[in-house]
Amino acid sequence: MGSEDVIHSFSIPDFRVKADVVPGRYNTMWFTASKPGKYHIFCTQYCGTKHSGMIGWVTAMTPVDYQAWLGGGSTGGTMVEAGQKLISDLVCISCHADADTPGRGPALRGLYGKTVKLEGGQTATFDDAYIRESILHPQAKIVAGFQPIMPTFQGLVTEEQLLQLMAYVKSLGESPAK
């Protein structure tokens, strides 16, 4: 667990577990659900104006149900198709054209696996780790020539959706020869 801003206190009362989440540190928590069900998660440390919105659920499943969920459940279609739909649904395509004509953000076609030049002269490999960081922490590494205007999607996309977005970007392949 990690925090970008203030101290939070991650709590699942039904499991009698609570752990502080401190900025600049990573912390882990482990527990075993005693029976299947849906259990409330919340922050027990007042952390600012949106504190009351820091809630969620743990869904504990039987091993059979968990395996079915891991298998993809009812999403239908491939990871690439789901990622393509997300790119549209999240309006990413308004800045990241998947053609060779860049918009307000770099064009995505042909970027996967390539080295990109960043502001300040550094470089980065456009891979899964870079895509993940760019979606969750978009100001961390700005591609040279572009403004730092991308909003964060942290808390807005799930881990599964991140994987779908990565699969879609990978599928865009190489840039066509000019």
Side-chain angles (χ1 to χ4, degrees), residues 1-96 105 108 112 126-141 148-172:
M1 300 180 288
S3 170
E4 292 183 9
D5 48 15
V6 297
I7 295 174
H8 299 276
S9 191
F10 180 85
S11 174
I12 310 170
D14 289 321
F15 300 139
R16 311 258 191 296
V17 294
K18 184 174 109 173
D20 286 338
V21 184
V22 181
R25 296 169 124 185
Y26 288 101
N27 193 4
T28 59
M29 174 189 287
W30 187 262
F31 60 89
T32 301
S34 56
K35 63 182 181 178
K38 190 173 176 181
Y39 303 95
H40 197 176
I41 300 170
F42 61 92
C43 179
T44 61
Q45 172 77 33
Y46 179 72
C47 53
T49 57
K50 295 190 179 183
H51 169 71
S52 63
M54 298 196 75
I55 57 174
W57 299 94
V58 170
T59 302
M61 302 176 182
T62 65
V64 171
D65 290 341
Y66 180 68
Q67 288 304 317
W69 177 81
L70 277 179
S74 61
T75 59
T78 66
M79 293 282 280
V80 171
E81 291 167 342
Q84 184 175 20
K85 183 177 181 330
L86 272 173
I87 286 276
S88 175
D89 291 350
L90 297 172
V91 197
C92 306
I93 204 67
S94 69
C95 294
H96 296 286
L108 300 175
Y112 193 85
F126 197 92
D127 58 8
D128 288 353
Y130 180 82
I131 295 169
R132 175 184 299 276
E133 182 178 40
S134 295
I135 292 168
L136 301 178
H137 309 285
Q139 308 308 313
K141 295 178 182 156
I149 59 172
M150 182 169 159
T152 182
F153 287 87
Q154 186 166 9
L156 301 176
V157 294
T158 65
E159 179 64 22
E160 183 175 9
Q161 289 171 322
L162 279 170
L163 295 172
Q164 292 165 347
L165 290 167
M166 287 185 258
Y168 175 67
V169 172
K170 283 184 206 179
S171 78
L172 293 175

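- Lys141 places none of its side-chain heavy atoms less than 4.5 Å from the side chain of Ser134.
- With values rounded to the nearest 0.5 angstrom, Arg16 atom CZ is found 10.5 Å from Ser11 atom OG.
- In this structure, Ile12 CD1 and Ile41 CD1 are separated by 5.0 Å, a value rounded to the nearest 0.5 Å.
- Closest of all the heavy-atom pairs between Met29 and Lys18 is CE-C, 3.6 Å.
- Taken to the nearest 0.5 Å, the CZ atom of Arg25 stands 12.0 Å off from the CE atom of Met1.
- Residue Thr158 holds its OG1 atom at 8.0 Å from CG of Leu163, rounded to the nearest 0.5 Å.
- Scored by the ring pair (Phe, Tyr, Trp, His ring centres under 6.0 Å) test, Tyr39 finds Phe15 as partners (sequence neighbours excluded).
- The closest side-chain heavy-atom distance from Gln84 to Ile87 is not below 4.5 Å.
- When all heavy atoms of His51 and Cys43 are compared, the pair lying nearest together is CE1-O, 3.0 Å.
- By the 4.5 Å heavy-atom criterion applied to side chains, Met150 and His96 are counted as neighbours.
- Under the rule for a side chain to side chain donor-acceptor pair (under 3.5 Å), the partners of Asp5 that lie at least two apart in sequence or sit in another chain are Ser3, His8.
- In this structure, the side chains of Leu90 and Phe153 come closer than 4.5 Å at one or more pairs of heavy atoms.
- Put simply, the residue from Val157, Thr78, Leu86 that forms a side-chain contact (heavy atoms from CB on, under 4.5 Å) with Gln164 is Leu86.
- For the atom pair OH (Tyr66) and OG1 (Thr59), the distance works out to 12.0 Å, reported to the nearest 0.5 Å.
- For the pair Val169 and Tyr112, the tightest heavy-atom approach, listed with the atom from each and the gap, is O-CB, 4.3 Å.
- Take His40 and apply the side chain to side chain contact (heavy atoms under 4.5 Å, CB included) test, not counting sequence neighbours, and it matches Phe42, Ile55, Trp57.
- Using a 4.5 Å heavy-atom threshold, the side chains of Leu136 and Leu162 count as touching.
- Nearest heavy atoms, His137 versus Gln154: CE1-OE1, 3.3 Å.
- Summarising the geometry of Ser171 relative to Val80, their closest heavy-atom pair is OG-CG1, 3.4 Å, with the distance given to 0.1 Å.
- Side chains of Met166 and Asp127 form no contact here, defined as non-hydrogen atoms less than 4.5 Å apart.
- Open room surrounds CD1 on Ile7; 12 or fewer heavy atoms of other groups in view lie less than 6.0 Å from it.
- Put simply, CG on Asp65 and OG1 on Thr62 are 3.0 Å apart, with the number rounded to the nearest 0.5 Å.
- Side-chain N or O atoms of Asn27 include one that pairs as donor or acceptor with a backbone N or O of Asp20 at under 3.5 Å.
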